[in-house]
Protein chains: 2
Amino acid sequence: MKTSSVELIILDLLSQEQAHLTAQEIYQQLRSRLPAVNPSTVYRALERMAHAGKISVSDMGRGAMVYEAVGGERHHHLVCQECGAVMTIEDQPVNELFRYLEKQYHFEMITNHLILFGRCQNCQSPVQVLKAETSKE
Amino acid sequence: MKTSSVELIILDLLSQEQAHLTAQEIYQQLRSRLPAVNPSTVYRALERMAHAGKISVSDMGRGAMVYEAVGGERHHHLVCQECGAVMTIEDQPVNELFRYLEKQYHFEMITNHLILFGRCQNCQSPVQVLKAETSKE
DNA sequence: ATTATAAACGCAAATATTTGAAAATGCAAG
DNA sequence: CTTGCATTTTCAAATATTTGCGTTTATAAT
């Protein structure tokens, strides 16, 4: 099956510099190459590609899902909910959990990009103190 | 700080039977108790509550995020991307990973509800065969 | 009780996303 | 090349979500 032109361009966009783009960002950038493309074409293409495993979709706390090309080093992210900092972590420990769950539950994992939210080192104790001073629930 | 009435009702809704509700479902159900409530009030309340850690937000592959009250047994889900089946798994192995990552990256984990996508046992080999017969990329 | 301040809410407008149905395109078989 | 079928795209309309801003409500201080 030949890949549609929109899909090709989207893959190209997502291949630039480990891009994590939202549907809107993709739509906007696409318009500079295919000026008349319709938004629903983009949404449907993204849906298709995600289901086909060509791209991954994740919530990185930006308000909308971000899309990423699959391939390259498998990795995962820790996202700080206070300052938005994104740390990339290696696959190994996550992979171990996944393999364990696959055996345990006879489940074939598809998720290959984990996003975990929390507070980075910088945002930890300082915030606690601030909160203690400011609010009293 | 006193909790707003909308927040109280939302918490009540989410406390019924391990509910995983979308914003729309919450909005609809809320209207039966507060007929004149405005959608933006609901969206803003959900955002507030999520940020305050009163509820958790996750993508269970239903097209929209689902909200859940926190508290009760910590658990996670395996969601089958073919048939939509949802398995609940115990916290322990996930918790071990989280504790490891916290130590390793000095990161304080907030995520407490993991959703992992894949294929359940029923949807595994059958689909492979079907695909092999049907498509030839 | 009165006033000041911040949080929550409603409303209307702007955006974003989804959906159904028709037109266009690509591909394979005849 | 022409027909048939499946996929992709468009368009318009329906939904869903977000945003700015003015109003109300709650809370705390005077």
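Numbers restart at 1 for each chain; the letters A, B, ... are given by sequence-line order, proteins then strands.
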Visitor: Grab the CG-P distance between A:L30 and D:dT8 for me, whole Å please.
Guide: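 Going from CG in A:L30 over to P in D:dT8 covers 15 Å.
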Visitor: Considering non-hydrogen atoms only, spot the tightest contact between B:I115 and B:S58 and give its length.
Guide: CG1-CB, 3.6 Å
Visitor: A:E68 vs A:L14, test: side-chain contact (heavy atoms from CB on, under 4.5 Å). Steps then yes/no.
Guide: CA-CA 6 Å; A:E68 183 178 9; A:L14 292 180; 5.8 Å; no
Visitor: So that I can tick it off, tell me whether B:E102 and B:R99 are bridged by a salt bridge, with the cut-off set at under 4.0 angstrom between side-chain N and carboxylate O.
Guide: yes
Visitor: What is the distance, rounded to the nearest whole Å, between atom CD of B:E7 and atom P of D:dT25?
Guide: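 Answer to the nearest Å: 18 Å.
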Visitor: Quick one: are A:H20 and A:H77 in side-chain contact, heavy atoms under 4.5 Å?
Guide: yes
Visitor: Do NZ/NE/NH1/NH2 and the carboxylate oxygens of B:E7 and B:R44 come within less than 4.0 Å?
Guide: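 So B:E7 does not pair with B:R44 through a salt bridge.
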Visitor: Kindly point out which of D:dT10, C:dC9, D:dT8 is positioned nearest to the side chain of A:T41?
Guide: D:dT10
Visitor: To the nearest Å, how far apart are A:R48 CZ and D:dA6 P?
Guide: 16 Å
Visitor: B:M49 has an atom CE; how far is it from atom C1' of C:dA8, in whole Å?
Guide: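 Taking atom C1' of C:dA8 as the reference, CE of B:M49 is at 13 Å.
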Visitor: Using nucleotides 17-19 of chain C, report all nitrogen or oxygen pairs with the protein that are shorter than 3.5 Å.
Guide:
{"from": "C:dT17", "atom 1": "OP2", "to": "A:Q24", "atom 2": "NE2", "distance (Å)": "2.9"}
{"from": "C:dT17", "atom 1": "OP2", "to": "A:Y43", "atom 2": "OH", "distance (Å)": "2.0"}
{"from": "C:dT17", "atom 1": "O5'", "to": "A:Y43", "atom 2": "OH", "distance (Å)": "3.0"}

Visitor: Whole Å only: how far is the CZ atom of B:R31 from the P atom of D:dT15?
Guide: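 So the two atoms are 13 Å apart, to the nearest Å.
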Visitor: Using atom CG of A:L46 as one end and atom P of D:dT9 as the other, report the distance to the nearest whole Å.
Guide: 11 Å
Visitor: Please determine, by modelled atom types, if A:E90 and A:H75 share a side-chain donor-acceptor pair under 3.5 angstrom.
Guide: no
